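Because only heavy atoms are used, hydrogens play no part in the values below, and waters and symmetry mates are left out as well, while side chains stay in. All of these numbers come straight from a predicted model, not from anything done at the bench. Nothing fancy with the numbering, it's 1 onward along the sequence.
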Amino acid sequence: MDASLLDRLRRHIEDRAPGEFHFPEVYGAGWKALPIGDRVRLGHAFLDAVRRGDLPGVEDTGRKADGGRIYRKIG
């Protein structure tokens with residue numbers, strides 16, 4: 001995941017109210033148009049970024065529902 005995408009995701013997350021979300025919700029427009037391989041790669045890169053602490057205030061809930069992993073914005 002490049003720095004510009006990571007910065008965009010941080011801004012989208014900052015604009016969200018605290019609570020649970022799926023990655024495509026913060027990725028935004030264009031998610032469904034991406035090839036499945038790109039969606040899988042980006043989803044895994046987002047999980048890695050959350051686990052590394054690159055997205056402060058976001059945690060992996062360890063659960064999946066509705067076809068994807070659930071994250072939580074804290075605070």
Side-chain heavy atoms of [X] within contact of [Y], under 4.5 Å:
X   : Y   : value
F23 : L47 : no
V58 : I74 : no
L42 : L5  : yes

Taking everything shown except H44 itself, do over 12 heavy atoms lie less than 6.0 Å from its NE2?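 Incorrect, the count does not exceed 12.
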Closest approach of [X] and [Y], non-hydrogen atoms and distance?
X   : Y   : value
G75 : P18 : O-CG, 2.9 Å
R39 : L34 : NE-O, 3.2 Å
I13 : K73 : O-NZ, 2.9 Å

Do Y27 and V50 sit in the same hydrophobic cluster, where Ile, Leu, Val, Met, Phe, Trp and Tyr count as joined when their side-chain heavy atoms come under 4.5 Å apart?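 Yes, it is one cluster - the side chains of Y27 and V50 are joined through contacts under 4.5 Å.
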Nearest 0.5 Å please: distance from the CD atom of E14 over to the CG atom of L55.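 That separation rounds to 10.0 Å.
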Show your reasoning for whether side-chain contact (heavy atoms from CB on, under 4.5 Å) applies to W31 and E25. CA-CA 9 Å; W31 175 256; E25 295 171 33; over 6 Å; no
Taking M1 as the fixed residue, which of D54, D48, L6 is the one that meets the side-chain contact (heavy atoms from CB on, under 4.5 Å) rule?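 The option that passes is L6.
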With E20, which of K64, R72, R69 fulfils salt bridge (charged side-chain N to carboxylate O under 4.0 Å, His left out)?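 Among K64, R72, R69, the one that satisfies the salt bridge (charged side-chain N to carboxylate O under 4.0 Å, His left out) with E20 is R72.
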Centroid separation under 6.0 Å, is that true for the rings of Y71 and F46? yes
